[in-house]
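Only one structure is covered here, and it is reproduced in the block below.
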Amino acid sequence: MGRYRRLRRIRHMDPRQDFEQIYRWITHYEFPRDYLHGTSIAFLRDYGVPRISQLLDRTQEFERAGQKRYDDTVLLAYEMVREGMDSEHGRAAARHLNRIHGRYRIPDEDFRYVLATTVVGPKRWIDRYGWRRLSEQETESLALVGRRTGEMMGISGVPDTYAAFEQLHDDYERDMFAYDPANRRVAAATLRIMASWYPAPLRRAATRAALAVLDEPLLKALGFPPQPLWLRTFVHRALRTRAALIRLLPGRPERFPRTPRPRTYPFGWTLDDLGPHWAHSRPLTPLQDETPPGRAPVPEQPSAPRVPRQETR
């Protein structure tokens, strides 16, 4: 397949109708690794907000089972879209995700921000380090997947355009980024997970390379010093060289999608595997547009005849 053939098809598609298909092409064919890199950076951005990192620090999820926590987050997003977000499987994944989050009292503004990082983070990474920039249709498809995810999670006020997600993302960080010891602890645990993907002699270098692509406000909020200019320049050029080499390769054939390869589940997974063990003791609740189990829909009653109001003088 020609390198730009799929892009030409995408440019003739309507994101409002085809956002799930475009999203699958982004994540499984056009930018599978870059999308995951952008998502990994999005995880780190969440930790720049003290009340988010304090909650994660209290759960000790990243300390006890960090790789599983990382894999489960990626896989739940994958499962929601795999057969269509409104398929029974997609809805089951959304109900399971809501069951996990239902244990905690999380403000909607924090949910909206975390959701925005999963839209803005991959877009910015791909535009900077991908083999090409995202098209307008691809950008809006990321936003519409984020929008539908927010609706299924029952989050109010979720944006429905990329520009609105980006503004929410940047405004929230400007107001909420601040250093807290919990930020550094959770970020350090996540960086250890990322470093563990490499051979032991390369882990320190991999960690420094990850820090080298982070912006100064985020580093300050996480409590890490900026990396030297020479290292930031080297990492930037190395990633741009990688992009140039990928650009020379043929496009990924439709029969070979790149699907998640989680380290936690080398033999595969089911929805029941995802999330902390205690989640399965919590009841599932219907999505907002579903009828609760055991409750029949209330038939619509005919309205009473409308009596004209009489004017009084």
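One is the number of the first residue; the rest follow in order along the sequence.
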Is a donor on one side and an acceptor on the other found under 3.5 Å between the side chain of Arg99 and the backbone of Thr285? no
Taking atom CZ of Arg33 as the centre, report whether more than 12 heavy atoms of other residues, nucleotides or ligands fall under 6.0 Å from it. no
Given 3.5 Å as the limit, does a donor-acceptor pair link the side chain of Asp18 with the main chain of Ile10, or not? no
To the nearest 0.5 Å, atom CG of Leu134 lies from atom CD of Glu140 at 11.0 Å
When you measure from the side chain of Tyr29 to the backbone of Gly251, do you find a donor-acceptor pair of N or O atoms at a distance under 3.5 Å? no
So, do Glu138 and Arg132 sit near enough that their side-chain heavy atoms are less than 4.5 Å apart? yes
Modelled atom types, side-chain donor and acceptor of Tyr70 and Ser40, under 3.5 Å: yes
Short question: side chain of Asp215, backbone of Leu218 - any donor-acceptor pair under 3.5 Å? yes
Validation row: Met153, Met80 side chains within 4.5 angstrom (heavy atoms): no
Counting C-beta onward and ignoring hydrogens, is there a side-chain heavy-atom pair between Tyr129 and Val213 closer than 4.5 Å? yes
Between CZ of Arg82 and NE2 of His89, what distance do you get to the nearest 0.5 Å? 3.5 Å
Heavy-atom check, side chain of Phe224 versus side chain of Asn183, under 4.5 Å: no
Looking at Glu166 and Lys123, does any basic side-chain N land under 4.0 Å from a carboxylate oxygen? no
For the backbone of Val145 and the side chain of Glu20, can you confirm whether one donor and one acceptor N or O come within less than 3.5 Å of each other? no
Is it the case that more than 12 heavy atoms not belonging to Phe234 sit under 6.0 Å from its CZ atom? no
Start with the C-alpha distance between Arg91 and Glu88, add both sets of side-chain angles, then the distance that settles salt bridge (Lys or Arg N to Asp or Glu O under 4.0 Å), and finish with yes or no. CA-CA 5 Å; Arg91 287 174 169 271; Glu88 181 49 44; 6.0 Å; no
Surrounding CZ of Arg240 (heavy atoms of other residues, nucleotides or ligands, distance under 6.0 Å), is the total greater than 12? yes
Consider only side-chain N and O atoms of Thr73 and Arg69, and report whether a donor and an acceptor are under 3.5 Å apart. yes
If you draw a 6.0 Å radius around CD in Gln167, do more than 12 non-hydrogen atoms from other residues or ligands fall strictly inside? no
Salt bridge (charged side-chain N to carboxylate O under 4.0 Å, His left out), paired with Glu30, selected from Arg24, Arg133, Arg252, Arg6: Arg6
Any donor-acceptor pair under 3.5 Å linking the side chain of His96 with the backbone of Leu274? yes
Does Asp71 reach the main-chain N or O of Thr264 with its side chain, forming a donor-acceptor pair under 3.5 Å? yes
Output a table of donor-acceptor pairs, distance under 3.5 Å, between side-chain atoms of residues 110-122 and any protein atom two or more places apart or on a different chain; print 'none' if there are none.
from	atom 1	to	atom 2	distance (Å)
Asp110	OD1	Arg51	NE	3.1
Asp110	OD1	Arg51	NH2	3.0
Asp110	OD1	Tyr172	OH	2.4
Asp110	OD2	Arg51	NE	2.8
Arg112	NH1	Ser156	O	2.7
Tyr113	OH	Arg45	O	3.4
Tyr113	OH	Glu173	OE2	2.7
Thr117	OG1	Asp46	OD1	3.3
Thr117	OG1	Val114	O	2.6
Thr118	OG1	Leu115	O	2.6

Between Asp34 and Arg258, is a salt bridge (Lys or Arg N to Asp or Glu O under 4.0 Å) present by the stated rule, with each step listed? CA-CA 12 Å; Asp34 286 301; Arg258 183 175 178 85; over 6 Å; no
Are the side chain of Trp197 and the backbone of Ile193 linked by a donor-acceptor contact shorter than 3.5 Å? yes
Can Lys220 and Glu216 be counted as an ion pair, charged N to O under 4.0 angstrom? no
Are any of the side-chain nitrogens in Arg174 or Asp171 under 4.0 Å away from the carboxylate oxygens of its partner? yes
Within a radius of less than 6.0 Å around OH of Tyr4, do more than 12 heavy atoms belonging to other residues, nucleotides or ligands occur? yes
Side chains of Tyr47 and Asp57: is there a donor and an acceptor less than 3.5 Å apart? no
